[in-house]
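Report on one structure; see the data block that follows.
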Amino acid sequence: MMAQLTDDCFAFSGPLLPIADMERLIAERVRPVTESETVGLAAARGRVLAADVIAPLDLPPFDNSAVDGYAVRHHDLDPKGETRLAVAGRLTAGRSASASVGEGQAIRIFTGAPMPANADTVFMQEDVRVERGAVLVPPGLKPGANRRLAGEDVRKDSVVLPAGRRLAVQDVALAAAVGLTELTVRRRVRVALFSTGDEIVEPGSPRPAAALYDANRFLLDGMLQRLGAEVTDLGILKDDPAALETAIAKAARDHDLVLTSGGVSTGEADHVRDAVEKVGKLVFWRVAIKPGRPVAMGVVPGGSAGAAAAFVGLPGNPVAAFVTFARVVRPLFLRLAGASAEPLIALPVRLAFRYKKKTGRREYVRVALRPGADGMIEAGETSTRRRRRHHLADRDRRPCGAGRRCDDAGARRDGWVSVLCDTDGLRRPQWLFMHPDIARPSVRPR
């Protein structure tokens with residue numbers, strides 16, 4: 001069964017749909033896939049939990065020592081000076097505490113070992129002195145110090161992982177720590193992906209003089225895979241209206257989302273938008289965002305009664321495709337997957353350049369992090385944007401490898417700064433928020 005969408009699920013009649021309104025409509029009117037499956041822990045990373053995970057035991061399951069040292073009874077200690085205690089035994093991790101601590105005694109204990117009966121406090125080994133079968137401990141340690149209580153991290157019968165959690169490696173490790181071997185997750189969202197345009201050719205194939213190699217399919221596939229999608233790569237479709245209609249309708253029969261790039265603007269050869277209107281319903285096609293204003297979203301009938309697939313057509317420009325994926329496709333995909341909302345992280349940075357824009361739409365500007373003269377991290381221009389700003393002539397542009405840094409489609413960047421709709425630009429040294437690049441595993445200043 002495909003995702004359950006209705007023709008009016010995104011209904012919007014304005015000329016430009018604000019980002020906030022689009023996100024609200026997605027959250028309110030898109031229903032996630034309902035099917036679930038049980039998978040082993042090794043296959044659970046990146047999947048979305050279908051139900052709350054209830055802890056079958058306390059974690060830790062028993063009181064234990066947090067350090068290597070000596071377990072004692074606190075009320076045996078002299079509050080004003082050293083206390084001499086006889087060492088009555090030795091307890092390591094993995095061994096049951098068979099002996100108890102008697103009056104005037106201590107047990108040599110190691111990290112993770114269960115607390116012996118009657119002991120309530122542990123001295124670190126570096127804080128004591130050992131003399132001929134006895135240990136001398138200093139005053140001042142509080143009762144219960146260096147003891148981990150049963151259930152301190154997780155209580156039995158509590159929700160240890162909530163439904164809708166997109167499982168990270170630490171979540172899977174937590175499930176293992178409470179003794180689970182498998183988890184119930186929603187099935188993966190099925191996405192059909194293709195690029196469009198007569199000017200697009202497959203990398204590695206002969207390239208006509210007026211053609212470009214397809215970068216978007218690889219960009220979008222990689223980001224979809226990171227979200228946990230089950231992707232069907234449908235290749236490149238030419239600008240043939242009938243072929244586009246057939247491909248979109250067929251893809252919608254057994255996918256939850258049909259994702260394309262190119263062909264959604266107002267040009268005479270941009271046929272994707274028209275194809276969606278023929279086989280389904282286009283509910284909006286312009287979002288108040290730059291780069292990427294021509295973004296088409298629609299609904300296409302699925303393969304069974306009442307089922308439908310979401311359709312998103314992204315711009316053909318790779319930078320615009322990236323930005324609109326992050327702001328449009330990502331929240332839609334997470335909703336379809338049944339995942340809890342994951343707002344993009346915003347980090348405060350100091351701007352190191354000026355930027356002008358028109359009011360009325362949100363713009364995202366590529367930036368590269370760098371240390372400023374005072375050691376503070378600044379958001380500077382990417383080299384691509386610098387070259388554009390200075391309007392370098394073609395004859396002055398040296399080819400890649402001839403001493404010029406290559407920044408194709410903003411590949412060398414750390415993130416994006418968001419310029420709000422009601423502002424006309426940015427001025428240094430203004431502080432603002434940067435969204436780290438969701439396609440990069442980490443962000444660090446150069």
Side-chain angles (χ1 to χ4, degrees), residues 1-5 9 26 30-51 161 163-169 171-172 175 182-196 202 214-237 246-261 272 276 279-280 297-304 306-314 321-322 324-326 328-342 438-439 441:
M1 179 183 293
M2 297 299 103
Q4 300 298 299
L5 304 174
C9 67
I26 288 172
V30 175
R31 286 178 285 174
V33 298
T34 57
E35 300 94 327
S36 63
E37 59 182 328
T38 300
V39 299
L41 295 187
R45 183 172 64 87
R47 303 298 296 272
V48 177
L49 278 176
L161 293 169
R165 171 72 60 86
R166 193 157 62 101
L167 295 166
V169 290
D171 299 319
V172 177
E182 54 188 23
L183 296 169
T184 301
V185 297
R186 292 185 188 265
R187 71 157 173 83
R188 294 185 186 275
V189 175
R190 299 168 187 146
V191 183
L193 173 66
F194 57 86
S195 296
T196 68
E202 194 73 32
D214 184 12
N216 284 359
R217 224 165 74 249
F218 298 91
L219 171 73
L220 299 175
D221 178 74
M223 292 193 289
L224 286 167
Q225 297 286 356
R226 291 187 67 168
L227 289 174
E230 183 180 303
V231 182
T232 303
D233 185 348
L234 299 180
I236 301 170
L237 295 181
T246 300
I248 292 171
K250 184 177 179 180
R253 292 173 196 159
D254 51 5
H255 292 87
D256 307 296
L257 170 63
V258 180
L259 179 62
T260 72
S261 66
V272 173
V276 174
V279 299
M297 186 175 286
V299 180
V300 181
S304 59
F311 170 86
V312 179
L314 301 181
F322 179 92
T324 48
F325 182 96
V328 179
V329 179
R330 183 177 178 272
L332 172 63
F333 179 92
L334 292 176
R335 180 61 181 161
L336 287 171
S340 302
E342 299 177 13
I438 63 170

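Side chains included, hydrogens not; waters and symmetry mates left out as well; all remaining heavy atoms used.
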Is a donor on one side and an acceptor on the other found under 3.5 Å between the side chain of [X] and the backbone of [Y]?
X    : Y    : value
R330 : L227 : no
D214 : E202 : no
S261 : F194 : no

Hey, could you give me the [atom1]/[atom2] distance between [X] and [Y], rounded to the nearest 0.5 Å?
X    : Y    : atom1 : atom2 : value
I236 : T260 : CD1   : OG1   : 13.0 Å
S36  : L183 : OG    : CG    : 12.0 Å
L257 : R190 : CG    : CZ    : 13.0 Å
E342 : L334 : CD    : CG    : 5.0 Å
D171 : L41  : CG    : CG    : 11.5 Å

Atom of [X], atom of [Y] and distance for their closest heavy-atom approach:
X    : Y    : value
P301 : G280 : CD-CA, 3.9 Å
V328 : I26  : O-CD1, 4.2 Å
V300 : A252 : CG1-CB, 3.4 Å
L332 : A310 : CD2-CB, 4.2 Å
V258 : I248 : CG2-O, 4.4 Å
A192 : L234 : CB-CD1, 3.9 Å

Would you call D233-R217 a salt bridge at under 4.0 Å N-O? yes
One thing to verify: whether E230 and R187 come together as a salt bridge, which I'm taking to mean a side-chain N less than 4.0 angstrom from a carboxylate O.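 Looking at E230 together with R187, the answer is no, because their closest N to O distance does not fall below 4.0 Å.
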Who passes side chain to side chain contact (heavy atoms under 4.5 Å, CB included) against E182, sequence neighbours left out?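 Side chain to side chain contact (heavy atoms under 4.5 Å, CB included) list for E182, sorted by chain: T38.
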Going by side chain to side chain contact (heavy atoms under 4.5 Å, CB included), name the residues that satisfy it together with A229, two or more places apart in sequence or in a different chain. V191, L224, V231, F333
State, yes or no, whether a side-chain contact exists between V329 and M223 at a heavy-atom distance under 4.5 Å.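 Side-chain contact under 4.5 Å: no.
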Answer yes or no: is there a side-chain heavy-atom contact under 4.5 Å between V185 and L167? yes
From the list R188, R186, R165, R166, side-chain contact (heavy atoms from CB on, under 4.5 Å) with R47 holds only for R188
